[in-house]
There are 4 protein chains.
Amino acid sequence: MVREKGWKGKESRKRLLEAAAEEFALRGFHETKISTIVKQAGLTQPSFYLYFASKEAIFDEIIHDFRSGLGELTASIRLEPGIEPEHLLQRLVQALEMVFSFLVRNPHMTRIGLFLAPQAEQIKEDLTSLLLENLRAEQEAGYFRADVEMATVAECLLGMIERLTVTHLLPGKQTPARLAKQLVDVLMYGMLPRESKAKE
Amino acid sequence: MVREKGWKGKESRKRLLEAAAEEFALRGFHETKISTIVKQAGLTQPSFYLYFASKEAIFDEIIHDFRSGLGELTASIRLEPGIEPEHLLQRLVQALEMVFSFLVRNPHMTRIGLFLAPQAEQIKEDLTSLLLENLRAEQEAGYFRADVEMATVAECLLGMIERLTVTHLLPGKQTPARLAKQLVDVLMYGMLPRESKAKE
Amino acid sequence: MVREKGWKGKESRKRLLEAAAEEFALRGFHETKISTIVKQAGLTQPSFYLYFASKEAIFDEIIHDFRSGLGELTASIRLEPGIEPEHLLQRLVQALEMVFSFLVRNPHMTRIGLFLAPQAEQIKEDLTSLLLENLRAEQEAGYFRADVEMATVAECLLGMIERLTVTHLLPGKQTPARLAKQLVDVLMYGMLPRESKAKE
Amino acid sequence: MVREKGWKGKESRKRLLEAAAEEFALRGFHETKISTIVKQAGLTQPSFYLYFASKEAIFDEIIHDFRSGLGELTASIRLEPGIEPEHLLQRLVQALEMVFSFLVRNPHMTRIGLFLAPQAEQIKEDLTSLLLENLRAEQEAGYFRADVEMATVAECLLGMIERLTVTHLLPGKQTPARLAKQLVDVLMYGMLPRESKAKE
DNA sequence: GATGAATGAGATTTCATTCAT
DNA sequence: TATGAATGAAATCTCATTCAT
C-alpha cells in the first residue's frame, strides 16, 4: 500500500476535525476540552497544535466548512425564472429537500453552524436573505400572494426549517423528502380547510 | 424613609439576578464571570455566595423563573372549546400576542430560557406539546384541515415564534400585535394567491 | 425569676464555649466553622466576636480550661511520702481513677487538650514530668524495681492512659475504676505468670 | 546518561510525595498548602494535578503506603506457635524492634498514619487486633498470666508503642533495639521489685 | 446584647498552550 | 510526526472577620 508523503499528517488532521465536531456539537465550545478531542483522535495535546493554532481555530474551520458547503448548495438550487406555476411547488419541495439532505449528512457541523457558532445568527441572516430574494421574485411574478410581508415569511420559513431540523431531521424521525413536502404544503396552503377558503 | 427588615438583602439579591440575566443573555454561561455580575450589582464576590450557592444556582433560578412565568401565561390562554369559527383567528392572534408580549417584557430571560439553558429543548418541547394539544382539538372540531400532520405543524409554529422573537421582536423591529397577526395570516391562509386556491 | 445584670451575656458565652468544644472535638480546628458554632449556640456570627476575639481565642480558652482543670487535679493527688507498701497500689489505683474520672467528665475538652491542641505535646510532657517525679520518688523509696529507666516507664504509663481513654473510657466501654485497676495490675505485676517469675 | 522513558515524571511524582509527606507531618492537612508542596518539589501548581487528582488524593496515597508497608511488616512477624518459653521474650523484643525500625525509617508517614489520618483510629484498631490475637494465643499457651484482660493489655501495649514512638523514637533519643527491650521488660515483669513479688 | 449585610484574603482547581526531545 | 512534562493565567468558592444599625 503506497501512500504519498504527508498522508499520515492529513489523516491526523481529519481525525481531529471529526472528533472536534462531534464534541463541540455534543457539548458546546467551552465544555469541549482539547484533551478530550485529542484522546478521541488518538493523539496527544501538543500534536493538536501541529495542525491547529488554537481551539478557536479548529472551531472556526468547522464553521467555515459548514458555511462553504451551505454556500455551494444554495448556489446550486436557485429557482430559475419563468418556472411554470404547476411546477413551482414541486421545485420548492425539491430545493428544500436538498437543504435538509445537506444538513442531515453533516449533523455535527449543522448543530455547530446553526446553534453554537457566534456567527450562527449571521449565517441564518444570510440564509434568510437568500430565501427572501427568491420569495420576492416569485411574489412579483405573481406566484404568491401580494399582501404578505415577505421579510416575515422568510423568517418564518427559516424558523420552520431550523426547528424541524432539530426535532425531526437530526434525530432521524423524518426523511428530508417528507419534511420538505409537509413544510411546503403547510406554507403554501395554510391550515384552513378548503371550504372556509372558498367562503371568503 | 422607613424600610422593613431584610429589605437591603432582597434588593441586593434582585440586583444580582438582573445583572446575571443580562450577562448570561449577552455572553452565555461560561463567558459570564461572577466577578462581572457582582461588579454590575455593586457588590463583591463573597456577597454573591450569600444569596446563591453557585454560578449554576443563579442560572437555574433564572431559568426557573422563566419557566414558571411561561407556565402561568400558557395556563391563562387556553382556547375555550366551542369558539365560533369567525372568532377563531382573532383568538389565535390574541393568544400569540400575549406570548410575544411576555417574551419581549423579559428579553434576557427569554434568550436564556429559549437558547442558552441546557433545558431549552425541554422547555420548547413542553411548549410544542401545548400547541399540539390545542391544534389537535381545533382540527378535530373541523376548524383546520384534516390532512396535515399536526405534530409537524406544531413544530413549525414554534419555529416561527422562535425565529420571529429573535429577529424581529427582541430587537424591537416589530410589535407583538403585528407579529401575531402576520404569523396567523401566513399559517392560516398560506402563501398561494386566492385564485390559485380556487383553481384547485 | 430575678437575674442579675449581664446574665444573658454569660449564658451566651457559655453556650458558645460548649458548642465550640463539641465541634472542635468532633471535627478538629480547621474543619470547625464559626458559622456552625454560632448556629449551635443560637447566635449570629458578629455576636461571637462580642465574646471572643477570634477562632483561635476560643480554642485557646478551651485548652486553657483543660490545662487548669488538669493542673488542679494533679496538684490534689500527689502521693504523700512515707506511704506503707501495702497501700501503695491502692493509692495508685485511686489516683489514676481520679484522672480517668476527670477526663470522662470533660470528653470534648479531653479530646482537644490531648489530641488536637498544638500544645497537646507540651501538656503531655507536663503530665509525664509529674508522673516521672512521683515514680522516681517511689523508686528511690524502694517501692519499685531499681533497674528500670523511669523516663521510659513514665512515657509508657502516659501512653496507656491516653490509649485507654480513647478506646475504652470516652466511648463508655469501661469505668474509670475498672480501667485504673487493670492498668495498675499490668504495670505493677507484668504479664508473666507467677511461677515463671519465681523461677528466676 | 541514559534514562528510560517516563523517568522524569516518576521523579517528579516522588518528589511531590516526599514534600507532601514532610509538610503534612509537620503542619497537618489543612495547614499544608499545595503551593508549598510544589515549591519544595521544584514544580508549579498545575503540575501537581498532573500526578494527583487533589490534595486529598496525595494525602490518601501516603496513608495507603503507610498501611501497606505496615501490613507487609506485620504479616512477616507473626509469632510462630510452639516457641520455647525461654525464647519468647527474645522473640517479642525482636518483633517490636522491627516495628520501631519501620516507623523510624518512615517518620513522616508514621506521623501521618498514626496521628493525622482520619483513618488513624482504624489503623490502630487493626494493629490492636493483631496484637490481641497474638497475645491471646500466648496466654492460652500458658506463657502469660491467665487473669488479665488481654483486650486491655493490647490497648496498653499499643499506647506504649505510640507514645515511645513520638517521644523517644522519632526524635532520635533512643534506638529501636533499646526501646523494644525496655518495653518488653516493663510489660513482662512489671514494676514491682522481685522481693515484693516473692512476698505475695 | 444582638444582627443583617458585606468583605479581604486566599486556597484549590482547570485548561489552553508550550518546551524540549 | 509525535509526545512527556510543565506552566501561565484565571475562575470559583470559602471563611474568618467587620461595619452599621
Side-chain angles (χ1 to χ4, degrees), chain A residues 5-13 30-38 42-58, chain B residues 5-13 30-38 42-57, chain C residues 5-13 30-38 42-58, chain D residues 3-13 30-38 42-57:
Chain A
K5 200 174 96 181
W7 167 79
K8 220 174 154 198
K10 266 174 202 151
E11 269 300 303
S12 295
R13 195 171 199 284
H30 267 93
E31 244 64 59
T32 294
K33 298 184 258 169
I34 301 268
S35 61
T36 314
I37 295 175
V38 295
L43 288 172
T44 57
Q45 305 218 29
S47 300
F48 177 91
Y49 292 90
L50 236 49
Y51 301 107
F52 302 96
S54 67
K55 192 176 160 186
E56 266 83 15
I58 196 173
Chain B
K5 208 168 100 175
W7 165 80
K8 220 175 155 200
K10 265 173 203 152
E11 272 297 304
S12 295
R13 196 173 198 283
H30 265 92
E31 243 62 58
T32 295
K33 311 296 170 207
I34 305 238
S35 61
T36 315
I37 297 176
V38 295
L43 290 172
T44 57
Q45 299 224 28
S47 299
F48 177 91
Y49 293 91
L50 225 53
Y51 300 107
F52 302 97
S54 67
K55 194 172 147 186
E56 265 83 17
Chain C
K5 201 174 92 179
W7 165 81
K8 219 174 154 199
K10 265 176 202 149
E11 268 300 302
S12 293
R13 194 172 199 284
H30 267 93
E31 244 63 59
T32 294
K33 297 183 262 172
I34 303 266
S35 62
T36 314
I37 297 176
V38 295
L43 289 172
T44 56
Q45 304 218 32
S47 299
F48 177 92
Y49 292 90
L50 237 49
Y51 300 107
F52 303 97
S54 68
K55 192 175 158 186
E56 266 82 15
I58 195 173
Chain D
R3 290 227 171 82
E4 58 215 297
K5 209 169 101 175
W7 165 79
K8 220 176 155 199
K10 265 174 202 151
E11 270 298 303
S12 295
R13 195 172 199 284
H30 266 91
E31 243 62 59
T32 295
K33 313 294 172 209
I34 304 238
S35 60
T36 315
I37 296 176
V38 294
L43 290 172
T44 56
Q45 300 225 30
S47 298
F48 177 91
Y49 293 91
L50 225 53
Y51 300 106
F52 302 97
S54 66
K55 196 173 148 186
E56 264 84 14

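Only heavy atoms go into these numbers, but all of them, side chains included; no hydrogens, no water, no symmetry mates. Since we're looking at a predicted model, the values are computed, not measured. Throughout, a chain's letter reflects where its sequence line sits, starting with A, and its residues are numbered from 1.
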> Quick one: is dT7(F) close enough that its OP1 or OP2 comes under 4.0 Å of any side-chain N or O from S47(D)?
Replying inline: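 Answer yes for this pair, as a side-chain N or O of S47(D) is under 4.0 Å from OP1 or OP2.
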> Any side-chain N or O of S12(A) less than 4.0 Å from the OP1 or OP2 oxygen of dA2(F)?
Replying inline: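 True: S12(A) side-chain N/O within range (under 4.0 Å) of dA2(F) OP1/OP2.
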>> Among dA5(F), dA6(F), dG8(E), which nucleotide has an atom closest to any side-chain atom of P46(A)?
In response: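 Among the listed nucleotides, the one closest to the side chain of P46(A) is dA5(F).
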>> By nearest atom, which of the nucleotides dT12(E), dT17(E), dA6(E) is closest to the Q45(A) side chain?
In response: dT17(E)
> Residues from residues 31-38 of chain A sitting under 4.0 Å of DNA chain E, heavy atoms only?
Replying inline: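 Going residue by residue through residues 31-38 of chain A, the ones with a heavy atom under 4.0 Å of DNA chain E turn out to be T32(A), K33(A), I34(A).
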> Heavy-atom contacts under 4.0 Å between residues 49-57 of chain B and DNA chain E, which residues?
Replying inline: L50(B), Y51(B)
>> Let me spell it out: for each of L43(C) and F48(D), pick the nucleotide of DNA chain E with the closest heavy atom. Which residue's pick is nearer the 5' end?
In response: L43(C)
> Once you round it to whole Å, what is the distance between P of dA10(F) and NE2 of H30(B)?
Replying inline: 17 Å
> Nearest-Å distance, CD (E11(A)) to C1' (dA2(F))?
Replying inline: 16 Å
Return the minimal non-hydrogen interatomic distance between [X] and [Y], and the atom names on each side.
X      : Y      : answer
S35(C) : V38(C) : O-CG2, 3.2 Å
A57(A) : A53(A) : CB-N, 3.8 Å
R13(B) : F52(B) : NH2-CE2, 3.5 Å

> Can you tell me how far the CD1 atom of I34(D) sits from the CG atom of L43(D), to the nearest 0.5 Å?
Replying inline: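 Output value for this atom pair is 12.0 Å.
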> If you measure from OG on S12(B) to CH2 on W7(B), what distance do you get to the nearest 0.5 Å?
Replying inline: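 Atom-to-atom, S12(B):OG and W7(B):CH2 are 8.5 Å apart.
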> Is there a side-chain contact between Y51(A) and I58(A) (heavy atoms, below 4.5 Å)?
Replying inline: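 Y51(A) vs I58(A): side chains apart.
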> Taking the side chain from K33(D) and the backbone from H30(D), do they hold a donor-acceptor pair closer than 3.5 Å?
Replying inline: yes
> Using Watson-Crick and G-U wobble pairs with both distances under 3.5 Å, what is the 5'-to-3' dot-bracket string of DNA chain F, with [ ] for crossing pairs and | for pairs outside the strand?
Replying inline: .||||||||||||||||||||
